Amino acid sequence: MQAQGRVGLKPGRGRSAGLRPTRRSFLRATVSASMAATLCAPNIRPASAAELPDFEEVAEGAFVRFGLQEEITAANDGAIANIGFVVGDRTVAVIDSGTDRRQGEAVLKAIAAATDKPVSHLIATHVHQDHCFGHIAFADMNLHNIGHRNLPRALASRGPYYLKELAGISPDLGDAGYLVPTETVSTTRSIDLGNRTLVLEAWPTAHTDTDLTVFDQRTATLFTGDLLFAGRLPTLDGSLIGWLSVLDTLIGPEVRRVVPGHGPVGDGHAALNAERRYLTRLRDDVRKAIDDQLDIDGALARLKSGNRKGWLLFDGNHGRNIVTAYTELEWE
Amino acid sequence: MMLVRSHPAFAVRLFATVLALASALTVAPPAAYAGSDEESPWPDIRATLYGGDRQIHDADGVIELETPYRALDAATVPLTIKADIDQTEQRYIRKITLVIDQNPAPVVGTFTLSPANGIASISTRVRINAYTNVRAIAETSDGELYMTKAFVKASGGCSAPATKDADAAMARLGKMKLKQIGTWRKGEPSEAQFMVSHPNYSGMQVDQLTQLWIPARYVRQIDLTLGDRPVLHFEGDISMSENPSIRFYVKPKAGDVLHATVTDSDGATFKQDWPIELGSAS
């Protein structure tokens, strides 16, 4: 793996100190060599919104802003998901845009700092608001706006709800917006950035019914979106059985580097195994609860504190995973 | 490289537009939120359901409503209405109506019950769009109304009151299940769970780019009879969760068959029968 380098400073915001290196970015710069060696990022909580993470070059021409391992709050500006971009010889592809316009604009700023090549593609890995509601910052640009074939329907169904919820968390998150993709992927599609091919793959229902991965052939880097969570508890919003099946082929032998939807870059295998263990136990425990004729409340009471095993943000999400799994598995 | 023009107007972020659209529709899409908490929609809902002059008593001693403090999954919030009176011929709960004040369609639906249930307790699952009061109103056989309410916090996170796997939901449309909970005994109140697979689409907004419009399609009516005895009639709306599930009680007889008829808002009808099993006498 190549040394990581930081490009661009966080764009100034109304209430932040603007363009100055933050404690976080200083830490990142000084520990990046050891991070590259151990494939893990420090789990540092921000002291304030002025210390949100910046973009890092995780492989030649592939940049990622690692989201904080937190829920969306006013203090973290919703910068919780990994978002990034890939620079080809001619153009740039953006892979997710974050939660609001500010994050979308931060992507554009980081691109401008890294290259003078234009953005040709805007890709959403799935419907969730922490990944593609910064698309609004790209609204008046000429580009290919790409998503899973189910993404238009999912945005129609969920988009207004997510926008209202974001505005309810903080007025600062009120300037968010999705763009319905103008091009969709049903199976796979290759896009060319100039001597650099990205392979997009649309998956069956798993984390959501809109999951799309992006594989950068030049650096053998796979952007999994939320099909892979590292460190943070996976959240189920699609199909548990489908997700477990997708995990069997998510990281192929051609992949050398994996950027998960949340958590640090790595080879992906340890994170995938941990995720599979969690989801497998969730499946088995909920199946047993259904066999025992427990209703949802009964299943929650029995299962809500088990299966924790070092996951971040367990308490806010495990219960919901139980409910979601229950409503799927009761139809087996 | 061919570039595709994407216009700023396509960014769907104008609630005013959405609300204007919603008001033109009989079934409001999820974006059409009721006002803030202090503007309670309840007086209007009450007037619609019961007119202006019927008294509603406190439900203490008649029914209790069990809800989670926080909805974990906005699409699936389990609720239980527990009956505190017996279903006797002299006095019984004949209707239970569920209301979610801040939902786009606040009236979840009405369950009609009878002495044939033995116990009028009901468990079901609803969608909850926002921080809201949830109300259960029982009407007893003497025509009196009793209400209890609970406050439920919205779920947060990536949860949404929407279908998770829309293709699977449609592929399984109309499939039904009946579960006998525990051992059923002749003449004793016994718990059943009825489930019907249905996306219960709430209807989705017109998308300005694609003109994508998914019309509402939801379970309008469920009729369950045990032998020749009606044991549950439900009339519902889009606040019921996808794949509606109802737990309720019956008093079974030997040789009973449970018949289900479900009708949705498109007029599709689904029917199924299940012979029931009785355990040995206790």
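Just so you know, these numbers come straight off a predicted model, no measurement behind them. Order of the sequence lines fixes the chain letters, A, B, ..., with proteins taken first and strands second; residue numbering starts at 1 for each chain.
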Practice problem: Assess whether atom CD of A:Glu332 is packed by more than 12 heavy atoms of other residues, nucleotides or ligands within 6.0 Å. | Solution: yes
Could you tell me which of [options] has the largest number of non-hydrogen atom pairs under 4.5 Å with chain B?
| options | value |
| --- | --- |
| A:Thr205, A:Ile169, A:Leu122 | A:Thr205 |
| A:Glu328, A:Glu330, A:Glu71 | A:Glu330 |
| A:Asn321, A:Thr327, A:Thr324 | A:Thr324 |

Of the backbone (N, CA, C, O) and the side chain (C-beta and beyond), which part of [X] lies under 4.5 Å from a heavy atom of chain A, both, or neither?
| X | answer |
| --- | --- |
| B:Arg125 | side chain |
| B:Glu242 | neither |
| B:Ala166 | both |

Need one label for [X]: side chain, backbone, both or neither, based on atoms under 4.5 Å from any heavy atom in chain B.
| X | value |
| --- | --- |
| A:Asp130 | neither |
| A:Tyr326 | side chain |
| A:Ile72 | neither |
| A:Gln293 | both |
| A:Leu166 | neither |
| A:Leu300 | side chain |

If the threshold is 4.0 Å, N to carboxylate O, is there a salt bridge linking [X] and [Y]?
| X | Y | result |
| --- | --- | --- |
| A:Glu183 | A:Arg189 | yes |
| B:Asp167 | A:Arg153 | yes |
| A:Asp192 | A:Arg90 | yes |

Quiz item: If every non-hydrogen atom of B:Thr163 is compared with every non-hydrogen atom of B:Ala169, which pair is closest and at what distance?
Solution: CG2-CB, 4.1 Å
Quiz item: Taking B:Asn103 for the side chain and B:Arg127 for the main chain, is one N or O donor matched with an acceptor at less than 3.5 Å?
Solution: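 Yes, the answer is positive, given that a donor and an acceptor are paired below the 3.5 Å cut-off.
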Self-check item: Side chain B:Asn117, main chain B:Val231, donor-acceptor under 3.5 Å
Solution: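 Answer holds: yes.
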Quiz item: Under the salt bridge (Lys or Arg N to Asp or Glu O under 4.0 Å) criterion, do A:Lys288 and A:Asp292 qualify, and how do the steps go?
Solution: CA-CA 6 Å; A:Lys288 176 78 164 55; A:Asp292 291 346; 2.8 Å; yes
